[in-house]
Amino acid sequence: MPVQNHDVPELALDQVWDKICHFVTEPEWEIFHPIISQIRRLKNETNTVILAHNYQPVEIFWGVADYTGDSLQLAQIAAEQHLPNVLMAGVSFMAETVKIISPTTRVLLPSLDAGCSLAESITAQDVRDMRLEHPNAKVVTYVNTSAEVKAESDICCTSSNAVDVVNSCDSDEIIFIPDRHLASYVQELTDKKIHVWQGQCDVHDVFDVQTMNELRWLHPDIQILVHPECKKEVQNAADFIGSTSALANYIRTNKPERVALITECTMSANVAAECPETQFIQPCSLCPHMRRISLHKILRSLQNGQHEVTVAPEVAVRAKAAIDAMLRV
Ligand code: 13P
Ligand code: SF4
């Protein structure tokens, strides 16, 4: 099956090694390649499709993923295809989103510890309280949230469609949850009044403007690409702002000589494997939740059917309405 956003057919094992040899050591590859072979065999035997987020390591991204992408793309794949079995190489909210969109799909998450600091910053009760405070506002919820929080929302969004989603709402006031930095990015690009929940992603919040200045001073020709979960002043120092896939596409299209990808840093290797002419220079911030997923855990998950993701039907119905509203936009 092709890797959808790249249009690359499944690579033979020696081609995988050619792609990732600059990012893993030979001893690591000796461990990885037999596991990759076992995973490929088992996913075919069990008719399971592996969806991998852009933050997954090269051996998963290039070795075993059937589809790769940002949060929106992974959700769209689940919505468009009637997949009987999905394994999510990503975090819990991504697996839950697939389950909500496709209730009959069996969704596996290789580690129950793969959460999200941003998703954990808000509860369903918090959303109900904000609605009481701003009764005329529509609730726009970033997909990096629990199913219960989505269920309290009018519409979901991702980093790649947040502005369009907000502008599509038939209200001049918006409660935007839970990321305050994504909210300020949206506020710059819309006339609507945004009420902000003070959540943040710990991985993106560490980047500061001083680091951006140092990068420009050390490498005057550098292009700085920033995820909108970063602070506003970091966004202001960017040459381009976008979702993980938008950042990757910028590099594929513009082929800059030198870039800094200001986002979770595992992603750089995935793009660098495809764009060897670009030099990647950057500070590193790792997502501890994404790092819970490994080849070993994917193999165990396929062997044992663990961990199957479930969402209470009464929550799923309401959360699905919010996700469907986003997919229509
Ligand atoms: P994207 O939707 O841009 O892939 O972002 C997901 C995420 O978790 C960023 O931290
Ligand atoms: Fe959540 Fe941040 Fe990790 Fe993305 S990078 S999954 S927002 S903790």
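Both ligands and their constituent atoms are indexed starting at 1 by order of listing. It should be emphasised that the depicted structure is a prediction, and the values quoted were computed from it without experimental measurement.
Both Leu11 and Ile35 sit in one connected hydrophobic cluster of ILVMFWY residues. Membership requires side-chain heavy atoms under 4.5 Å apart, directly or through other members. Hydrophobic cluster membership differs between Ile177 and Met326, with clusters built from Ile, Leu, Val, Met, Phe, Trp and Tyr side chains linked at under 4.5 angstrom. Using a 4.5 Å cut-off between side-chain heavy atoms of Ile, Leu, Val, Met, Phe, Trp and Tyr, with links allowed through other members, Met267 and Val203 fall into different hydrophobic clusters. When the side chains of ILVMFWY residues are joined at heavy-atom separations under 4.5 Å, either directly or via intervening members, Met130 and Leu182 end up in two distinct hydrophobic clusters.
Relative ring orientation between Tyr55 and His53 is described as perpendicular, the plane-to-plane angle rising above 60° on a 0-90° scale split at 30° and 60°. Aromatic ring orientation, His195 versus His134: parallel (interplanar angle below 30°, classes split at 30° and 60°).
Nearest protein neighbour of atom 5 (O) of ligand 1, counting heavy atoms only, is His227 NE2, 3.4 Å. Of the protein's heavy atoms, Asn144 ND2, 3.2 Å lies nearest to atom 7 (S) of ligand 2. Of the protein's non-hydrogen atoms, the one nearest atom 1 (Fe) of ligand 2 is Cys116 SG, 2.4 Å. Looking only at protein heavy atoms, the nearest one to atom 6 (C) of ligand 1 is Ser71 OG, 3.3 Å.
Across Thr263, Leu247, Thr244, Leu182, heavy-atom proximity to atom 4 (O) of ligand 1 is greatest for Thr244.
At a 4.0 Å cut-off, not a single heavy atom of Met290 sits close enough to ligand 1 to count as contact. Assignment of Cys201 to the shell around ligand 1 is not supported, since no heavy atom sits closer than 4.0 Å. Note on ligand 1: His53 sits in its first shell, one or more heavy atoms being nearer than 4.0 Å. Within the structure, the closest approach of His204 to ligand 1 falls below 4.0 Å when heavy atoms are considered. The closest approach between Glu229 and ligand 2 falls below 4.0 Å for a heavy atom of the residue.
Between the side chains of Tyr185 and Ser159, not a single donor N or O lies within less than 3.5 Å of an accepting N or O.
Between Cys201 and Cys116, the sulfur-to-sulfur (SG-SG) separation does not fall under 2.5 Å.
Atoms of ligand 1 found under 4.0 Å from any heavy atom of Asp70, numbered from 1 in the order shown, are 1 (P), 2 (O), 4 (O). Interface atoms of ligand 1 facing Glu229, defined by a heavy-atom separation under 4.0 Å, are 7 (C), 9 (C), 10 (O). Within ligand 1, the atoms closer than 4.0 Å to a non-hydrogen atom of Asn144 are 7 (C), 8 (O), numbered from 1 in the order shown. Set against the non-hydrogen atoms of Tyr55, the atoms of ligand 1 under 4.0 Å away are 7 (C), 9 (C), 10 (O). Shown in contact with Ser117 at under 4.0 Å from a heavy atom are these atoms of ligand 2, numbered in order with element: 8 (S).
Nearest heavy-atom pair across Asn54 and Thr244 is ND2-OG1, 2.8 Å.
For the pair Thr158 and ligand 1, the shortest N or O to N or O distance does not fall below 3.5 Å. Not a single N or O atom of Ser243, backbone or side chain, sits closer than 3.5 Å to an N or O atom of ligand 1.
A salt bridge links Asp170 to Lys138: one of the charged nitrogens lies within less than 4.0 Å of a carboxylate oxygen. A salt bridge is defined here as a Lys NZ or Arg NE, NH1 or NH2 lying under 4.0 Å from an Asp or Glu carboxylate O, and Lys19 with Glu274 fails to meet this definition.
Taking a 6.0 Å sphere around CD of Glu257, one finds it holds 12 or fewer heavy atoms contributed by other residues, nucleotides or ligands.
Residue Cys287 counts as close to atom 3 (Fe) of ligand 2, with an N, O or S atom under 2.8 Å. Among the backbone and side-chain atoms of Cys201, no N/O/S atom is found under 2.8 Å from atom 1 (Fe) of ligand 2.
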